[in-house]
Number of protein chains: 2
Amino acid sequence: MTDDLHGAVGVLLGDDGQRYTVGRRNLVEVLRQAERPLTAAEILEAGSLPQSSAYRNLAVLESCGVVHRVAGTDELARFELAEDLTAHHHHHLICTECGLVSDFTVPDSLESDLAAVAHRVALETGFRAEHHRLDLLGRCVHCG
Amino acid sequence: MTDDLHGAVGVLLGDDGQRYTVGRRNLVEVLRQAERPLTAAEILEAGSLPQSSAYRNLAVLESCGVVHRVAGTDELARFELAEDLTAHHHHHLICTECGLVSDFTVPDSLESDLAAVAHRVALETGFRAEHHRLDLLGRCVHCG
DNA sequence: ATTTATGCAAATCGTTTGCAAACCT
DNA sequence: AGGTTTGCAAACGATTTGCATAAAT
């Protein structure tokens, strides 16, 4: 029950003065079992909380850094566990046909280049980059 | 009046059996003058069409490849002229504080690497990448 | 003349919020 | 008890749509 993930989530919530309730554990579990970002609708189907609780708790988890909000090409919000809590840094494949979002990773050398670019841009524009987002847009295997 | 841009837009619309009406020209002009992606609200303020016409025409322009929809971190839809119609390929700086989206470019060498990654991913996952999206997320000069 | 675009107002959809009851410590 | 979270139902805000009129070819 008390494995690494839930322990880490508990700490993040606690740091923020929040409780790790049953509903929140439920959400984390649903997101853990998904191998891709889920829409609110998918989460509602998979979990067993009312809408308002799901949305409210996703917001809490997001502000504590447990959950991350992912932008696709449609207007639906999608959520995944923060990278700190899961294996590793990854990027998204976004299907422009059906909206499906899935994960992929890139070579470390490319990640270094991206970091260098972020640094250059900061110098040139005064924008302070904290993260980057690299997505491939196209047709998923289904919509190919 | 009939400069390159409007000519090109007219062709794209025509190819799709659509007319280049006053309202559509108005939208293209508003987007041309902006140096960054605009939200629907900003477009409504700048242009002079009713909401429904603006949204409907943005949808038409998008499906003809004249306008491109940009995802930020907030839920607001943002629009810009398609890259084919403007100078060049670019990426976005997205402020996580105020949502502002602005443009930047990266070295060609990085673009080549991105293309190579897209190709590799296609082989490995069967996903057909058509475009990519590289955004930097952080604080803009204002919200720094 | 016939097809397509417009503009108003009403509807829709995802998401958020007010409030009273249930929960945790 | 004291403050937080829950769950229902109602509210919200951005975007979309029905329909009758106006415009374009």
Side-chain angles (χ1 to χ4, degrees), chain A residues 2 6 9-30 37-64 66-79 98-101, chain B residues 1-2 6 9-30 37-64 66-79 98-99 101:
Chain A
T2 312
H6 289 297
V9 171
V11 170
L12 286 171
L13 282 165
D15 285 353
D16 215 54
Q18 301 279 357
R19 298 170 185 166
Y20 198 8
T21 62
V22 179
R24 289 169 190 177
R25 202 173 283 264
N26 190 327
L27 286 174
V28 169
E29 206 47 55
V30 167
L38 298 182
T39 61
E42 289 171 327
I43 291 171
L44 287 172
E45 239 180 305
S48 44
L49 346 174
Q51 292 198 0
S52 62
S53 299
Y55 278 110
R56 255 192 290 236
N57 285 323
L58 285 168
V60 168
L61 292 170
E62 190 184 3
S63 82
C64 295
V66 173
V67 158
H68 183 227
R69 190 180 289 252
V70 176
T73 52
D74 53 27
E75 69 296 338
L76 298 170
R78 289 164 199 269
F79 303 87
C98 70
L100 186 80
V101 179
Chain B
M1 288 294 92
T2 311
H6 289 296
V9 171
V11 170
L12 285 171
L13 282 165
D15 286 353
D16 215 55
Q18 301 280 358
R19 297 167 185 171
Y20 198 8
T21 63
V22 179
R24 290 170 189 179
R25 202 173 284 264
N26 189 328
L27 286 173
V28 169
E29 205 49 54
V30 167
L38 297 182
T39 61
E42 289 171 327
I43 291 171
L44 287 171
E45 239 180 305
S48 44
L49 349 177
Q51 291 199 359
S52 63
S53 299
Y55 279 110
R56 253 192 292 236
N57 285 323
L58 284 168
V60 169
L61 292 169
E62 189 185 3
S63 82
C64 294
V66 172
V67 158
H68 184 227
R69 190 179 290 249
V70 176
T73 52
D74 54 25
E75 70 296 337
L76 297 169
R78 288 163 200 270
F79 304 87
C98 70
V101 179

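Remember, predicted model here, so these are calculated numbers, not experimental data. Every chain is numbered from 1 and lettered A, B, ... according to where its sequence line falls, protein lines coming before strand lines.
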Which nucleotide in dA5(C), dT16(C), dC8(C) has an atom nearest any side-chain atom of Ser52(B): dC8(C)
Give a yes/no on whether any side-chain N or O of Asn57(B) is located under 4.0 angstrom from OP1 or OP2 of dA5(C). no
Take a 6.0 Å sphere around CD of Glu29(B) and say whether it holds more than 12 heavy atoms from other residues, nucleotides or ligands. yes
Nucleotide dT4(C), atom C1' - distance to OH of Tyr20(B) in whole Å: 17 Å
Nucleotide dC13(C), atom P - distance to CG of Asp74(A) in whole Å: 15 Å
Taking the minimum atom-to-atom distance to the side chain of Arg19(B), which one of dA24(D), dT6(D), dT6(C) wins? dA24(D)
Expressed as a whole number of angstroms, how long is the span from Leu44(A):CG to dG7(D):P? 12 Å
Can you tell me how far C1' of dT6(D) sits from CZ of Arg24(A), to the nearest Å? 10 Å
Phosphate oxygens OP1/OP2 of dC24(C): is one of them under 4.0 Å from a side-chain N or O of Thr21(A)? no
Just the rounded figure in Å: distance from C1' of dT4(D) to CG of Leu61(A). 15 Å
Could you check Leu61(B) against Leu13(B) for side-chain contact (heavy atoms from CB on, under 4.5 Å), going step by step and ending with a plain yes or no? CA-CA 7 Å; Leu61(B) 292 169; Leu13(B) 282 165; 4.1 Å; yes
Nearest-nucleotide pick for Pro50(A), side chain only, options being dT5(D), dT15(C), dG7(D): dG7(D)
Name the nucleic acid region contacted by Ala77(B), choosing base, sugar-phosphate or nothing; use a 4.0 angstrom heavy-atom cut-off, strictly under. sugar-phosphate
Of the candidate nucleotides dA14(D), dT17(D), dA5(C), which contains the atom at the shortest distance from the side chain of Arg56(B)? dT17(D)
Need one value for Ala40(A): base, sugar-phosphate or nothing, where a base atom within 4.0 Å counts as base even if backbone is also close, heavy atoms only. sugar-phosphate
In whole angstroms, how far is the C1' atom of dC24(C) from the CG atom of Leu13(A)? 15 Å
Phe79(B) six-ring face occupied by Arg69(B) cation (under 6.0 Å, within 45°): no
Mapping Gln18(A) and Phe79(B) to their closest nucleotides on DNA chain D, which lands nearer the 5' end? Gln18(A)
Among dT16(D), dA14(D), dG7(C), which nucleotide has an atom closest to any side-chain atom of Leu76(B)? dA14(D)
Atom CG of Leu58(B) and atom P of dA14(D): how far apart are they, to the nearest Å? 15 Å
What residues form a salt bridge (charged side-chain N to carboxylate O under 4.0 Å, His left out) with Arg78(B), not counting sequence neighbours? Asp74(B)
What is the distance from atom CG of Leu76(A) to atom CD of Glu75(B), rounded to the nearest 0.5 Å? 12.5 Å
Any idea which of dT16(D), dT15(C), dC8(D) is nearest the Tyr55(A) side chain? dT15(C)
Gln51(B) or Ser53(A): which one's nearest nucleotide on DNA chain C is closer to the 5' end? Gln51(B)
Mind calculating the distance between CD (Glu75(B)) and P (dG13(D)) to the nearest angstrom? 11 Å
